[in-house]
Chemist: 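Sharing a structure, written as structure tokens. Questions coming.
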Amino acid sequence: MQLVSNGIPINIKLETSIVQNEHRQNFLYESVGQAVQVGSHWYLRYEEKAESGEHFQVMLKLCSDGAVHLTRQGSLRTKFRFVPGEITETSYQTSYGTMLLLTKTKRLQLEFSELPLAGKLQLAYELSTGEEILGNYQLFLEFTA
């Protein structure tokens, strides 16, 4: 992962829960990363290692309007935009091309402090093709400098 020189080192704890076809998977991941402020937005960057061994570059953009953008990049690329109570389009890039999916943000709660730099993000969303629900996801991320 390429880090920027003015970034603040952070510790990240990530818990995710995925429910697909009534099957639940839970994951716990801890990593180190970097936080950078650009204008009125904060960016959190870290590397995530999947159970398959694949590494993903992850970037969270915490927007001043309350939205959160999540980009995961590895062999596949996903870009999510979460806005409380809204349905947004998501691009999911595979080796076969880009698929457009819908993300329904059910819950987005962010606690954030600049001094000391720390925060918690709770996110629940539904991912669908528009006609079929692909899964329900919950994410809890905690970071500290």
Side-chain angles (χ1 to χ4, degrees), residues 1-94 98-130 133-145:
M1 172 174 52
Q2 186 176 9
L3 301 178
V4 294
S5 61
N6 62 343
I8 300 167
I10 56 173
N11 294 309
I12 293 176
K13 180 179 177 183
L14 173 66
E15 297 177 48
T16 58
S17 175
I18 303 168
V19 178
Q20 295 173 316
N21 299 322
E22 298 183 25
H23 176 69
R24 178 182 296 272
Q25 293 179 294
N26 296 306
F27 301 95
L28 175 62
Y29 186 75
E30 294 187 25
S31 182
V32 294
Q34 189 176 60
V36 177
Q37 185 176 18
V38 178
S40 61
H41 308 299
W42 278 90
Y43 293 83
L44 308 179
R45 297 175 55 151
Y46 62 95
E47 186 173 274
E48 188 178 300
K49 185 177 178 182
E51 287 185 338
S52 65
E54 183 178 4
H55 292 263
F56 291 92
Q57 306 300 317
V58 179
M59 184 176 65
L60 278 165
K61 178 181 178 184
L62 309 177
C63 301
S64 57
D65 64 0
V68 172
H69 297 220
L70 170 65
T71 303
R72 292 181 79 231
Q73 190 166 335
S75 60
L76 306 174
R77 180 178 167 92
T78 54
K79 292 181 79 170
F80 296 95
R81 182 172 166 262
F82 301 104
V83 180
E86 289 190 19
I87 296 174
T88 57
E89 285 189 349
T90 295
S91 63
Y92 181 73
Q93 187 176 0
T94 70
T98 302
M99 295 173 41
L100 289 179
L101 301 174
L102 298 178
T103 304
K104 179 180 180 181
T105 305
K106 296 179 173 184
R107 179 177 183 182
L108 191 159
Q109 183 176 350
L110 177 63
E111 297 174 26
F112 183 81
S113 167
E114 288 188 30
L115 292 174
L117 183 61
K120 294 179 183 180
L121 172 65
Q122 293 182 46
L123 181 61
Y125 64 96
E126 177 184 279
L127 190 62
S128 73
T129 62
I133 295 173
L134 301 175
N136 283 285
Y137 299 77
Q138 291 185 28
L139 177 143
F140 178 74
L141 181 130
E142 187 172 3
F143 64 93
T144 55

Chemist: Are the side chain of Ser128 and the backbone of Gly130 linked by a donor-acceptor contact shorter than 3.5 Å?
Modeler: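 Checked: pair present.
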
Chemist: Can you name the nearest heavy-atom pair linking Lys79 to Thr90, along with the distance?
Modeler: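 Smallest interatomic distance, heavy atoms only, reads O-CG2, 3.1 Å.
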
Chemist: Using side chain to side chain contact (heavy atoms under 4.5 Å, CB included), reason through Glu47 and Gln57 one step at a time and then give a plain yes or no.
Modeler: CA-CA 5 Å; Glu47 186 173 274; Gln57 306 300 317; 2.9 Å; yes

Chemist: Can you tell me if Lys61 has over 12 outside heavy atoms packed within less than 6.0 Å of its NZ?
Modeler: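 Yes, enclosed.
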
Chemist: Ignoring hydrogens, what is the shortest heavy-atom contact between Phe112 and Leu117? Give both atom names and the distance.
Modeler: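 Minimum heavy-atom separation between Phe112 and Leu117: CZ-CD1, 3.7 Å.
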
Chemist: At what distance, to the nearest 0.5 angstrom, does CD of Gln34 lie from OH of Tyr43?
Modeler: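 Result: 13.5 Å between the selected atoms.
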
Chemist: Going from CZ on Arg72 to OG1 on Thr78, what distance comes out if it is rounded to the nearest 0.5 angstrom?
Modeler: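 The OG1 atom of Thr78 is 5.5 Å from CZ of Arg72, to the nearest 0.5 Å.
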
Chemist: Check Val36 against Gly7 and note the closest heavy-atom contact, atom names and distance.
Modeler: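 Heavy-atom minimum between the residues: CG2-CA, 3.7 Å.
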
Chemist: Any side-chain heavy-atom pair from Ile18 and His23 closer than 4.5 angstrom?
Modeler: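 No, their side chains stay 4.5 Å or more apart.
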
Chemist: Identify which one of Leu70, Leu123, Ile12 satisfies the side-chain contact (heavy atoms from CB on, under 4.5 Å) criterion when paired with Leu60.
Modeler: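 Per the side-chain contact (heavy atoms from CB on, under 4.5 Å) rule, the option paired with Leu60 is Leu70, out of Leu70, Leu123, Ile12.
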
Chemist: Do Tyr29 and Phe27 have ring centroids that are under 6.0 Å from one another?
Modeler: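 No - the distance between ring centres of Phe27 and Tyr29 does not fall below the 6.0 Å cut-off.
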
Chemist: Which heavy-atom pair separates Ile8 from Ala145 by the least distance, and what is that distance?
Modeler: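 What the structure gives for the nearest pair is CG2-CB, 4.0 Å.
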
Chemist: Atom CD in Glu48, atom NE2 in His55: separation rounded to 0.5 Å?
Modeler: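 These two atoms lie 11.0 Å from each other.
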
Chemist: Show the nearest heavy-atom pair for residues Ala118 and Thr144, with the distance to one decimal.
Modeler: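 Answer, listing the atom of Ala118 first, then Thr144: CB-CG2, 4.1 Å.
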
Chemist: Considering non-hydrogen atoms only, spot the tightest contact between Arg24 and Ser17 and give its length.
Modeler: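 For Arg24 and Ser17, the tightest heavy-atom pair comes out as NH1-OG, 2.5 Å.
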
Chemist: Using side-chain heavy atoms (C-beta onward) and a distance below 4.5 Å, is Tyr125 in contact with Phe80?
Modeler: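 Touching, per the 4.5 Å side-chain cut-off.
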
Chemist: Is there side-chain contact between Tyr46 and Leu141, with at least one heavy-atom pair below 4.5 Å?
Modeler: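 In short, these two side chains touch, coming nearer than 4.5 Å.
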
Chemist: When you look at CG of Asn21, are more than 12 heavy atoms from neighbouring residues, nucleotides or ligands closer to it than 6.0 Å?
Modeler: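 Count not over threshold, so no.
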
Chemist: Nearest 0.5 Å, what's the CD1-CH2 distance between Ile10 and Trp42?
Modeler: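 Ile10 CD1 to Trp42 CH2: 9.5 Å, rounded to 0.5 Å.
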
Chemist: Can you confirm whether Glu111 sits close enough to Gln109 that some side-chain heavy atom of one is under 4.5 Å from a side-chain heavy atom of the other?
Modeler: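 They are in side-chain contact.
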
Chemist: Hey, could you give me the CD/OG1 distance between Gln93 and Thr98, rounded to the nearest 0.5 Å?
Modeler: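 That separation rounds to 4.5 Å.
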
Chemist: Look up atom CG in Leu101 and atom CG in Leu134, then write down how far apart they are to the nearest 0.5 Å.
Modeler: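 Taking CG in Leu101 and CG in Leu134, the distance rounds to 6.0 Å.
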
Chemist: Apply side chain to side chain contact (heavy atoms under 4.5 Å, CB included) to residues Glu15 and Asn26 and explain how you reach the verdict.
Modeler: CA-CA 7 Å; Glu15 297 177 48; Asn26 296 306; over 6 Å; no

Chemist: Can any side-chain N or O of Glu54 pair as donor or acceptor with the backbone N or O of Ser75 at less than 3.5 Å?
Modeler: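 Checked: pair present.
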
Chemist: Answer yes or no: are there more than 12 heavy-atom neighbours, outside Gln37 itself, under 6.0 Å from its atom CD?
Modeler: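 Result for CD/Gln37: enclosed.
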
Chemist: Do Glu86 and Thr105 come within less than 4.5 Å of each other through their side chains, counting heavy atoms only?
Modeler: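 SC-SC contact between Glu86 and Thr105 ruled out.
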
Chemist: Could you give me the CA-CA distance, side-chain angles and deciding distance for Asn11 and Glu142, then say whether side chain to side chain contact (heavy atoms under 4.5 Å, CB included) is met?
Modeler: CA-CA 8 Å; Asn11 294 309; Glu142 187 172 3; over 6 Å; no

Chemist: What's the verdict on side chain to side chain contact (heavy atoms under 4.5 Å, CB included) for Glu89 and Leu102, showing C-alpha distance, side-chain angles and the deciding distance?
Modeler: CA-CA 5 Å; Glu89 285 189 349; Leu102 298 178; 3.9 Å; yes

Chemist: Can you find a heavy atom in the side chain of Tyr137 that is under 4.5 Å from one in the side chain of Thr16?
Modeler: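 Not in contact.
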
Chemist: Between Thr103 and Arg81, is there a side-chain donor-acceptor contact under 3.5 Å, judged purely by atom types and distance?
Modeler: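 Result is no, nothing qualifies.
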
